[in-house]
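Have a look at the structure below, then the notes.
Below, read A as the first sequence line, B as the second, and so on, with proteins coming before strands; counting in each chain starts at 1. What you see is a predicted model; the values in this text were computed from it and never measured.
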Protein chains: 2
Amino acid sequence: MSVKKSNIKDISKVTGLSVSTISRVLNGKAKQYRISEKTQEIVFKVAEELDYVPNQVARNLKLGKTKTIALIVPSLSNPFFANMAAQVSIELQKTGYITLISDSNENEEIEREELTQIVSRNVDGILISPCGNYGDHIDRVRSLGIPLVCFDRYYANLEIPYVSTDNFWGASEGARYLVEHGHKRIACIQGSKQSVPNEVRRKGFEEVMKQKGISDFTVTGSEFTVQNGYTETLLLLQKLVKPTAIFSFSNTIALGCIKALKEFDLRIPEDISLLTFDNHPYLDYLSVPLTSIAQPVNDICKIAIKLLFSLINKEELSTNQVLLRPKIILRKSVNSIS
Amino acid sequence: MSVKKSNIKDISKVTGLSVSTISRVLNGKAKQYRISEKTQEIVFKVAEELDYVPNQVARNLKLGKTKTIALIVPSLSNPFFANMAAQVSIELQKTGYITLISDSNENEEIEREELTQIVSRNVDGILISPCGNYGDHIDRVRSLGIPLVCFDRYYANLEIPYVSTDNFWGASEGARYLVEHGHKRIACIQGSKQSVPNEVRRKGFEEVMKQKGISDFTVTGSEFTVQNGYTETLLLLQKLVKPTAIFSFSNTIALGCIKALKEFDLRIPEDISLLTFDNHPYLDYLSVPLTSIAQPVNDICKIAIKLLFSLINKEELSTNQVLLRPKIILRKSVNSIS
DNA sequence: CAAAACAGAACAATCGTTTGTTCTGTTAGA
DNA sequence: TCTAACAGAACAAACGATTGTTCTGTTTTG
């Protein structure tokens, strides 16, 4: 029943040729080492017959390359990162690479452990959306000479290449959009303060509030979760004077908002407007289609991969810190008020 | 800048001990090979100092084990599989395993290639939700002695262990639920006919139609996609006599239904009822919360992993083909009609 | 015709571990 | 005092590939 996998030695035994010759033929180095056509044919034929597939583990040990990229995200169940993972996996597939995946569960400790695991597996490169405040473990990996690119989340103070959304611009645009629609009492519900994108968004938002001379705004919240959106919205609704618009910093937070608003029988956008970061196919089908600031997920992935491969190939990077502008997708959750 | 990773030889050089001794200490086999306490201390200390992490690739080559599990799904961007992936990744993490992920993109050819890649990497086990009609490539992997478990989708005719939803029961219950709410014209929109779950669901549905003496039903559609749901719903709405209820076989299909219904200004459930397979956090927030047949994703993952580890540990399996009952989550998309 | 040149393939070291076996002292027993 | 027993550690062969080097004939050249 259990047919053992065949290896290069099996081919050697069957053909009577040495393993080195076989290896060379199979790696297309026949010309270079002047191996005869006839020998090549034999090798290919027998390899085929034996259903030979090179043992990558052995190959990797010798070559120091694994044709493997690791992807570390804070939460695979978050559609945003799931999409990233899908993209990356499919993109890497095309180049013969395979993807190791790790969900750090927004836990820096786990992230550290997984990173160690991954490094010990000699991956050729790492794509990571780190979840913590400190990047020392990441920087150590980089100083080990392992190509690494951050995406979405990053460390502004470290010299680690990253690709992310221009969150300042996005948040500014979002804030302006609200203000220009007449909103003067705006509540922002943010995510994790440990996350650079969150901080940048907050700054962008606050900057516009200042520019526009709006003082009646709040920034609350602490996590990129439905629960956080729900809780913070409930708190907002307890206030005597309610905000006219909520600016949510993630799709998950927005869901929480919707839930809370529904419980209070408040309509979007008639009673309160809602603008959120992150796009998702579902947004079109919600009770009220949400106007959202769509991050260029595709481009972020593609560029992150491109940078990573540049590092792997030891090419010079012209830029290694990239910010891409998001796009505001207008739906129906923001009302014009006078 | 680039500090090289240290290996067991470096420790050997620093301590003056042989690599075998160091390996034994580090693997907790000191007692067994009577290595003195003092020597152990030295080894641990130096290993720590050198920031030593064993090279898994070398270890794997020697041991034939990689502490790696591969997960192959038809589409990571489908929330259903993304959730699976998140679950699996986190679950495996706990046992020191790491997850290789592959998105076959509903393409059997890609699935084959990825499978080859994965096998060549000596993974310890494979979890797969196969996307094709034929399981020969899967069976070949199994006959290679590589532990493999199918989940969600499987091959009923092959002796490959699987864990899935009791789709017959789920579809029957769903169908009964509709009939008992007075529906007599029911349109079923199915997904891929290549998928066993789809076929089983269809049979469950048709069985109930027969039992209940309902002849005015249809089964159409061909893909688990939004587009398919959209198209098929549009077609249904062209008919002179429209169905009173639509039974969608996936969350993606349901989204397509909603889109089409919206375009026709039809309300759910007043004008037409909608029942769907798959649950998702978003379903609660849709314009009308969808009543759904929730697959026990968590349990499927846990059991699939359990089976896989049984295979890995060469334990006897009492059962290796498991079907778990889904749960109908009542929301508001199905109307009672008289 | 001897030596050089070359074609064609084998040899052997290596990657970083693990592990069965062997080696070297010291201690205990007779 | 001699040997057996044992503690403590080193040796060396794998695992399956890759690759610089060497080997063996045959052909070409002067």
Among the nucleotides [options], which one has an atom lying closest to any side-chain atom of [X]?
{"X": "K29(A)", "options": "dG16(D), dT19(D), dG8(D)", "answer": "dT19(D)"}
{"X": "V19(A)", "options": "dG16(C), dT18(D), dC11(D)", "answer": "dT18(D)"}
{"X": "L17(B)", "options": "dA9(D), dT18(C), dG16(C)", "answer": "dA9(D)"}
{"X": "N55(A)", "options": "dG20(C), dG16(D), dA10(C)", "answer": "dG16(D)"}
{"X": "S20(B)", "options": "dC11(D), dC11(C), dT17(C)", "answer": "dC11(D)"}
{"X": "K62(B)", "options": "dG16(C), dA10(D), dA7(D)", "answer": "dG16(C)"}
{"X": "P54(A)", "options": "dA9(D), dA17(D), dC15(D)", "answer": "dA17(D)"}

Taking [atom1] from [X] and [atom2] from [N], how many angstroms apart are they, rounded to a whole number?
{"X": "N122(A)", "N": "dG16(D)", "atom1": "CG", "atom2": "C1'", "value": "16 Å"}
{"X": "N27(B)", "N": "dT17(C)", "atom1": "CG", "atom2": "P", "value": "10 Å"}
{"X": "I22(A)", "N": "dA10(C)", "atom1": "CD1", "atom2": "P", "value": "8 Å"}
{"X": "K31(A)", "N": "dG8(C)", "atom1": "NZ", "atom2": "C1'", "value": "14 Å"}
{"X": "K4(A)", "N": "dC15(D)", "atom1": "NZ", "atom2": "P", "value": "13 Å"}
{"X": "R59(A)", "N": "dT14(C)", "atom1": "CZ", "atom2": "C1'", "value": "16 Å"}

Could you tell me whether the phosphate oxygens of [N], OP1 or OP2, come under 4.0 Å of any side-chain nitrogen or oxygen in [X]?
{"X": "N7(B)", "N": "dG16(C)", "value": "yes"}
{"X": "K5(A)", "N": "dG16(D)", "value": "no"}
{"X": "Y33(A)", "N": "dT18(D)", "value": "no"}

Using a heavy-atom cut-off of under 4.0 Å over every strand shown, decide if S36(B) touches base, sugar-phosphate, or nothing.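 It contacts sugar-phosphate atoms only.
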Ring geometry between F81(B) and F151(B) (parallel below 30°, tilted from 30 to 60°, perpendicular above 60°): perpendicular
Which comes earlier along DNA chain D counting from the 5' end, the contact point of T21(B) or that of A58(B), where each point is its nearest nucleotide?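 Nearest nucleotide further toward 5': that of T21(B).
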Under 3.5 Å: donor-acceptor pair, side chain of S6(B), backbone of L50(B): yes
